[in-house]
There are 2 protein chains.
Amino acid sequence: MTDRTSPLESFHEFLRSRDLKSTSQRDMIVEQIFSKPHHHFSAEELLETLREKDPSMSRATVYRTLLLLQDGNMLEELDIGKGHKYFEPMLGVSHHDHLICLGCEQIIEFESPEIESIQDQIIKKNQFEAVYHTHRIFGYCQLCQKKSK
Amino acid sequence: MTDRTSPLESFHEFLRSRDLKSTSQRDMIVEQIFSKPHHHFSAEELLETLREKDPSMSRATVYRTLLLLQDGNMLEELDIGKGHKYFEPMLGVSHHDHLICLGCEQIIEFESPEIESIQDQIIKKNQFEAVYHTHRIFGYCQLCQKKSK
DNA sequence: GTACGTGCAAAGACTTTGCAGAGAC
DNA sequence: GTCTCTGCAAAGTCTTTGCACGTAC
């Protein structure tokens with residue numbers, strides 16, 4: 001929809017809509033997240049990267065900004081079962097699910113309209129009102145399968 | 001397969017196969033878990049219940065026994081996105097996935113051979129070796145939908 | 001008698017929060 | 001100038017671990 005606007009612009013728009021302020025810290029965080037092609041990261045990894053550029057970057061600010069981005073639908077949580085959350089940027093990306101390698105933590109994405117449609121039937125049958133879903137398949141990627149041989 | 005053996009017997013069998021010992025604490029934990037019909041619980045909830053019967057029950061023992069039960073495939077982890085793990089007993093229960101109510105945390109189970117078979121195709125196409133998967137749909141159950149009106 | 005198990009408390013990992021000073025608008 | 005934000009450190013939550021004592025086999 002808004003292919004023309006940059007992530008930072010979208011973010012500023014979101015802040016304005018909530019009467020929140022733009023700050024250099026928030027901008028730095030958003031720029032860092034959206035500077036890479038679609039990827040996955042943890043809060044602590046992000047903090048570490050940001051501190052290389054600005055050692056005074058606060059852990060609290062990073063966590064608070066991640067919450068903001070989730071509120072603004074620019075970011076989604078992704079639980080890979082490792083005791084901490086992963087995040088994935090969701091700007092200009094359509095819904096998808098994940099194959100997660102238990103060996104190297106590589107994440108492969110997949111989309112399946114067939115599954116989604118069966119899922120819709122299940123939801124209807126249970127008179128449930130769905131908000132979101134996650135479908136994760138854990139196992140070993142091709143490379144890790146070879147390694148273990 | 002082993003419908004005739006009780007959960008406690010299965011557990012003892014598992015312990016023997018690993019050269020581990022039966023103890024009254026372990027038995028108490030296993031009995032508590034399998035005393036209810038299929039249900040879901042957190043480690044802390046379980047600990048609290050157990051301490052009502054035996055105030056000296058150790059948190060560490062509970063966590064360690066939960067790990068054992070997972071190793072023995074008698075228990076599965078279920079992440080409902082609340083910062084802590086849920087567990088569900090898996091003895092005599094076939095694989096299923098979950099609808100999770102964001103309002104009351106009620107968990108509805110579903111099974112779909114159609115989804116599983118599409119999933120298998122996806123796994124094959126990505127040359128992945130699947131170990132397990134979780135498919136969770138978050139939203140609102142019928143009751144919570146009514147409440148919010 | 002010898003592992004292994006238990007209970008305790010401390011440590012760990014990740015995340016959230018209270019507060020005083022700083023900065024956006 | 002006001003209201004929000006930041007950084008720090010402390011607190012919180014869930015889970016794991018080290019260690020001395022206890023117990024199953």
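The sequence lines fix the lettering, A, B, ..., with proteins before strands; numbering per chain opens at 1.
Side-chain contact between B/Val62 and B/Ile29: present, with at least one pair of heavy atoms (C-beta onward) separated by less than 4.5 Å. Inter-residue side-chain proximity for B/Pro89 and B/His39 is flagged as met; some heavy-atom pair is nearer than 4.5 Å. Proximity of B/Gln142 to B/Gln106: side-chain heavy atoms (C-beta onward) are nowhere separated by under 4.5 Å. Side-chain contact between B/Lys36 and B/Phe41: absent, with no pair of heavy atoms (C-beta onward) separated by less than 4.5 Å.
Put simply, CE on A/Met28 is 12 Å from C1' on D/dT6, counting in whole angstrom units. In this structure, A/His12 places its NE2 atom 15 Å from C1' of D/dT4, rounding to the nearest Å. Taking atom CD on B/Glu77 and atom C1' on D/dT16, their separation rounds to 14 Å, with Å as the unit. Atom CG in B/Asp27 sits roughly 11 Å away from atom P in D/dA24 (whole-Å rounding). C/dG12 atom P lies 15 Å from atom CD of A/Glu44, rounded to whole Å. A straight line from OH of B/Tyr63 to P of D/dG18 spans 18 Å, rounded to a whole angstrom. One interatomic measurement links the two molecules: CG of B/Leu78 to C1' of D/dC14, which rounds to 16 Å at whole-angstrom precision. Between the CZ atom of A/Phe41 and the P atom of C/dC14 there is a distance of 15 Å, given to the nearest Å.
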Between the protein and nucleotides 19-21 of chain C, list the N/O to N/O atom pairs that are separated by less than 3.5 angstrom.
none

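The ring-ring contact (aromatic ring centres under 6.0 Å, His included) test applied to B/His96 returns B/His38, B/His98, not counting sequence neighbours. Under the rule for a ring-ring contact (aromatic ring centres under 6.0 Å, His included), A/Tyr63 has no partner lying at least two apart in sequence or in another chain.
The salt bridge (Lys or Arg N to Asp or Glu O under 4.0 Å) pairs that include a residue from residues 123-133 of chain A number zero, where partners must be two or more places apart or lie in different chains. Within the structure, ring-ring contact (aromatic ring centres under 6.0 Å, His included) contacts touching residues 102-130 of chain B (residues at least two apart or in different chains) are B/Phe110-B/His135.
Axis deviation across the helix from C/dG1-D/dC25 to C/dC25-D/dG1 amounts to 30°, comparing end segments of five pairs, rounded to 10 degrees.
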Donor-acceptor pairs under 3.5 Å, side chain of residues 48-55 of chain A to any protein atom, not counting sequence neighbours: which ones?
residue, atom, partner, partner atom, Å
A/Thr49, OG1, A/Glu45, O, 2.9
A/Arg51, NE, A/Met57, O, 2.8
A/Arg51, NH2, A/Met57, O, 3.1
A/Lys53, NZ, A/Gln32, OE1, 2.7
A/Asp54, OD1, A/Ser56, N, 3.0
A/Asp54, OD1, A/Ser56, OG, 2.8

Could you list the donor-acceptor pairs under 3.5 angstrom formed between side-chain atoms of residues 16-23 of chain A and any protein atom two or more places apart in sequence or on another chain?
residue, atom, partner, partner atom, Å
A/Ser17, OG, A/Phe14, O, 2.6
A/Thr23, OG1, A/Arg26, N, 3.1

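The closest donor-acceptor contact from the side chain of A/Glu76 to the backbone of A/His95 lies at 3.5 Å or more, if one exists at all. No donor-acceptor distance shorter than 3.5 angstrom exists from the side chain of B/Glu114 to the backbone of A/Glu114, with no hydrogens or angles considered.
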Would A/Phe87 and A/Gln70 count as a side-chain contact (heavy atoms from CB on, under 4.5 Å) if you check the C-alpha gap in whole Å, the side-chain angles of each, and the deciding distance to 0.1 Å?
-> CA-CA 9 Å; A/Phe87 297 92; A/Gln70 286 181 79; 3.4 Å; yes

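Near-neighbour residues of DNA chain C inside residues 45-53 of chain A, defined by a heavy atom below 4.0 Å, are absent. Scanning residues 14-26 of chain B for heavy-atom distances under 4.0 Å to DNA chain C yields B/Leu20, B/Lys21, B/Thr23, B/Gln25, B/Arg26. DNA chain D lies under 4.0 Å from no heavy atom of any residue of residues 67-74 of chain B.
Think of B/Met90 as one node in a network of Ile, Leu, Val, Met, Phe, Trp and Tyr side chains linked at under 4.5 Å; its network also takes in B/Val93.
Residues A/Ile107 and A/Leu102 share a single hydrophobic cluster, defined by chaining ILVMFWY side chains whose heavy atoms lie under 4.5 Å apart.
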